[in-house]
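Below, read A as the first sequence line, B as the second, and so on, with proteins coming before strands; counting in each chain starts at 1.
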There are 2 protein chains.
Amino acid sequence: MTRQKTEIRQEQIKQAVLDIIFTEGLKNLSTRNLAKHIGMSEGSIFRHFETKQDIILSIIQDVQDEFIGALRTIANANRDPEVRLNEFLCETVHYLIANKGITMLLFSEASHNNDETLKKNLQVIFSSQKMLISKIFIDGIAAGKWDESINVSNLAMIYMGIPISINIDLVLSSNEFSSENFCSNMMQLLLKILKR
Amino acid sequence: MTRQKTEIRQEQIKQAVLDIIFTEGLKNLSTRNLAKHIGMSEGSIFRHFETKQDIILSIIQDVQDEFIGALRTIANANRDPEVRLNEFLCETVHYLIANKGITMLLFSEASHNNDETLKKNLQVIFSSQKMLISKIFIDGIAAGKWDESINVSNLAMIYMGIPISINIDLVLSSNEFSSENFCSNMMQLLLKILKR
DNA sequence: AATAAATAAGTAATCACTCACTTAAATTAA
DNA sequence: TTAATTTAAGTGAGTGATTACTTATTTATT
């Protein structure tokens, strides 16, 4: 195989991991199969990542940087809470659909290994989302737009169910998920809860 | 080990599977570890189940018989939809907490193996719940109690997010989940969506 | 020449599962 | 009731396949 910089190979390896998980399942994510998938030797993989676990952790780090980073920007923007809520939800839906392998990876790894480092990382991803969406709710309530009797923590939990339900759908049914009206439909229901 | 009927051993094996999955993760669910956990020889396991996969499938069958069965009884009862909704939600919460290993099993197996039989079974479990909760919504709307402009399918999806969120919480944080007020808190939010 | 990347051929460990055999319990026959 | 026979449950040492990972060596780039 032609020589490439380790950074390029790392990206290739991570992408191949996601591909395999989504198409063949985590069970088939062996270093042998991974190497075959990329077209490189098995030994090369360990030149670019020390362990297989490190590949997973690197992907989880990407999710935190890219996805959670984007959500943070949306949540902290100085704009109408309803607009932010809508963008937050849509960004989530689009990311999950565009990166189908990632959610399966997160689900699987949490339950497959009982690794504490991994679980901690996943908990950060979930609690970050909860925290950020709560901030939007609180801002809207503080601005007098939304019902102040709403329990923000409970509503955040309901909200978190939405992306997770999408994931289950993506995992179990291989058919296309229609994201077109999904965002606005969910927004309608959320806004009804938030209405004073 | 003292001799026991295969039915008794099958139950022991299934319970040990759930224990291991919850405490040690799916990765440690080897037939060797399973045998050690029960205190029997590895060979004995295969006296009572033909394959390891058969153990998993038997557990999934139990979920369909016990859990979905109970939900069906609640959903189809001839009672006030609000009462049924409340019972449906509480039954779900209690079952998930009482059988922590099961949800991790369902999550894991769907994404770990990419087995079609398994996925089909899980899809039945999820879609059954959706169908039954939808029936309760529809009954309440038909009775004129709830908002007829509500999109039942979308609300069912939001509802399904609740038990799944509980699972994520159970998997990621080992601390106790407080089910006490959870039911009534979630009911409040759902009823606000349903209100005319 | 020096360095980084790729490889083939290993490694020990673990996997689900099998096998030949033992033994306890249930069934039948005397 | 007792003795003979059948059946079901349990065992421990194996099976080949696969796992993540290593190492010695070769190859390409600067």
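- For the segment residues 12-19 of chain A, the set of residues with a heavy atom within less than 4.0 Å of an atom of DNA chain D is empty.
- Rounding to whole angstrom units, CZ of residue A:Phe46 and P of C:dA6 are separated by 15 Å.
- If A:Arg3 and A:Lys27 are placed on DNA chain D by their nearest nucleotide, the residue sitting closer to the 5' end is A:Lys27.
- Contacts of A:Arg32 with the nucleic acid, taken as non-hydrogen atoms under 4.0 Å apart, include base atoms.
- Where DNA chain D meets chain B (any atom under 4.0 Å from a heavy atom), the bounding nucleotides read 5' to 3' are D:dA8 to D:dG12.
- Two different hydrophobic clusters hold B:Val124 and B:Leu57 under the rule that ILVMFWY side chains link at heavy-atom gaps under 4.5 Å.
- Between the A:Arg79 side chain and the A:Ile74 main chain, no donor and acceptor come within less than 3.5 Å of each other.
- In the region residues 49-58 of chain A, proximity to DNA chain C at under 4.0 angstrom, judged on heavy atoms, holds for none of the residues.
- One interatomic measurement links the two molecules: CZ of B:Arg47 to C1' of C:dC21, which rounds to 10 Å at whole-angstrom precision.
- Distance NZ/A:Lys119 to CD/A:Gln123: 8.5 Å, rounded to 0.5 Å.
- Rounded to whole Å, the distance from CG on B:Asn33 to P on C:dA13 is 18 Å.
- Here A:Leu189 contributes atom CG and B:Leu189 contributes atom CG; the two are 12.5 Å apart, rounded to the nearest 0.5 Å.
- Hydrophobic clustering, with ILVMFWY side chains joined whenever heavy atoms are under 4.5 angstrom apart, groups B:Leu191 together with B:Met160.
- If you check C:dC15, C:dA5, C:dC21 against the side chain of B:Ser30, the one that comes closest is C:dC15.
- In this structure a side-chain-to-backbone donor-acceptor pair under 3.5 Å is missing from B:Lys195 to A:Lys192.
- Computed from coordinates, the A:Gln10 CD to C:dA5 C1' distance equals 13 Å when rounded to whole Å.
- Rounded to a whole Å, the CG atom of B:Leu29 is 15 Å from the C1' atom of C:dC17.
- The CD atom of B:Glu42 sits 13 Å away from the C1' atom of C:dC19 (whole-angstrom rounding).
- B:Leu85 places a side-chain heavy atom less than 4.5 Å from the side chain of B:Leu194.
- At C:dA6, one or more side-chain N or O atoms of A:His48 fall inside 4.0 Å of OP1 or OP2 (strictly under the cut-off).
- Within the 4.0 Å cut-off from OP1 or OP2 of C:dA8, not a single side-chain nitrogen or oxygen of A:Ser41 is found.
- Judged by distance alone, the side chain of B:Asn33 and the main-chain N or O of B:Asn28 form a donor-acceptor pair under 3.5 Å.
- Below 30°, between 30° and 60°, or above 60°: for A:Phe137 and A:Tyr159 the angle between ring planes is above 60°, a perpendicular geometry.
- One finds the CZ atom of B:Arg9 at 4.5 Å from the CE atom of B:Met40 (value rounded to the nearest 0.5 Å).
- At the heavy-atom level, B:Gln4 lies under 4.0 Å from the strands shown only through sugar-phosphate atoms.
- When the P atom of C:dA16 is taken as reference, atom CD1 of B:Ile20 falls 10 Å away, rounded to whole Å.
- Straight-line distance from the CD1 atom of A:Ile38 to the P atom of C:dA6: 10 Å, rounded to whole Å.
- Ion pairing between A:Lys36 and A:Glu42 fails under the 4.0 Å rule for side-chain N and carboxylate O.
- Side-chain contact, A:Gln188 with B:Asn151: no donor N or O sits under 3.5 Å from an acceptor N or O.
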